[in-house]
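Some notes on the structure that comes next.
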Amino acid sequence: MVFGWVKSSWAAVRTALTKTRDALTSKFKALVGRKVDDSLLEEIEEILYEADLGVAVIQDSINNIRLFVREHPEATVDTLLSCLEETLTHEMDRLQFQLSENSHGPTVILVIGSNGSGKTTTIAKLAHGFAAQKKTVLLAAADTFRAAAQEQLGIWAKRLQVDIIHAANMADPAAVAFDAITAATSRGVDVLLIDTAGRLENKLHLLRELEKVKKTCHKALPGSPHEILLVLDATIGQNGIEQAKSFHNSMGITGLILTKLDGSAKGGVVIAIQKQLSLPVKFVGVGESLDSLVPFDPKTFVHSMLFADDAES
Ligand SMILES: Nc1nc2c(ncn2[C@@H]2O[C@H](COP(=O)(O)OP(=O)(O)OP(=O)(O)O)[C@@H](O)[C@H]2O)c(=O)[nH]1
Ligand SMILES: [Mg+2]
């Protein structure tokens with residue numbers, strides 16, 4: 001089962017992609033009318049690097065464009081752009097973008113990520129989105145690293161009018177997760193969102209702590225967590241790929257949420273990350289308000305990044 005997430009306006013993502021799109025379209029525009037040859041392909045390659053699409057995706061795109069040119073000697077810059085759009089979207093359709101739903105009890109969603117990536121804010125946005133679907137939500141403050149983190153999630157819970165399970169005496173995060181799952185099950189809530197401490201992915205002991213949270217979830221409710229979502233700050237660009245790999249290796253994440261796209265000129269990282277890890281970006285964060293978390297759609301995203309014209313805008 002998957003949740004039927006209420007479609008929010010894609011216009012906010014399009015706006016967040018303005019810097020990335022403007023940089024790409026102005027440079028592509030300057031190439032229109034040019035002869036399609038190796039030097040043109042090199043220039044396209046350089047333009048793609050600036051959008052932070054990453055080496056692997058760019059090499060793949062340029063190889064596909066080369067093949068296309070071989071088969072279509074009459075190709076123009078416009079047709080190359082369509083070929084690029086297709087290449088960037090290719091294979092992403094196979095990924096599971098919707099959140100999995102547990103139909104036999106609470107859906108447990110574990111949210112992890114580095115310091116300040118946007119975990120707690122994203123949890124509030126998710127809770128807000130679930131409420132719009134008439135789902136009951138429980139929050140778990142399993143960030144026992146800082147007392148302020150408990151308070152921050154508490155403020156959101158109050159504002160959203162949802163229940164929260166706090167850590168007793170800053171107990172170990174796995175114990176908070178266990179209590180929260182027990183409470184979610186006995187209260188019959190639909191969704192449990194577990195907030196965790198910000199950590200650097202190379203801090204091994206902290207990763208071990210997260211692994212313990214995951215194991216404890218499984219013990220408290222077999223099959224859970226149903227989603228392990230890694231929250232990444234889009235403004236860190238390609239470094240996000242290494243971060244995601246490291247978290248994925250130890251935690252087996254089910255999806256990504258890329259935040260702060262509104263402050264980034266390098267929207268290409270959203271494509272690069274999912275293609276390299278074969279993991280879906282389930283949502284993108286495009287601001288600080290509760291409704292600024294948008295379900296990801298690969299075709300619309302790629303189109304919004306590459307083309308100035310759009311029926312939606
Ligand atoms: N512009 C913008 N800001 C965001 C977005 N998502 C989160 N933020 C901001 O990022 C900052 C950090 O967010 P938090 O939710 O506290 O991050 P965290 O990962 O929980 O941080 P720690 O618990 O300290 O690891 C806050 O100021 C948020 O408002 C987004 O999509 N866009
Ligand atoms: Mg936090």
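Start at 1 and go down the list; that is how both ligands and their atoms are numbered.
Excluding water, every protein N/O/S atom under 2.8 Å from the Mg ion (ligand 2) is given here by residue and atom: Thr120 OG1.
Under the salt bridge (Lys or Arg N to Asp or Glu O under 4.0 Å) criterion, Asp60 pairs with no residue at all, not counting sequence neighbours. For Glu227, the salt bridge (Lys or Arg N to Asp or Glu O under 4.0 Å) partners are Lys282, not counting sequence neighbours.
Judged purely by distance below 3.5 Å, without hydrogens or angles, the side chains of Asp190 and Thr136 pair a donor atom with an acceptor atom. For His226 and Glu101, the side-chain atoms include no donor-acceptor pair closer than 3.5 Å.
Considering CD of Gln274 and CD1 of Ile241, their distance stands at 10.5 Å, rounded to 0.5 Å. Taken from CZ in Arg66 to CD in Glu71, the straight-line distance is 14.5 Å, to the nearest 0.5 Å.
When heavy-atom distances to ligand 1 are checked against 4.0 Å, the residues falling inside are Ser114, Asn115, Gly116, Ser117, Gly118, Lys119, Thr120, Thr121, Lys125, Asp143, Arg146, Gln152, Gly198, Thr259, Lys260, Asp262, Gly285, Val286, Gly287, Glu288, ordered by chain and number.
A distance below 6.0 Å separates the ring centres of Phe296 and Phe97.
Using cut-offs of 30° and 60° on the angle between ring planes, the pair Phe301 and Trp10 is perpendicular.
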Decide side-chain hydrogen bond (donor to acceptor under 3.5 Å, both in side chains) for Asp78 and Thr76; before the verdict, give the C-alpha distance in whole Å, the side-chain angles of both, and the deciding distance to 0.1 Å.
-> CA-CA 5 Å; Asp78 281 336; Thr76 62; 5.1 Å; no
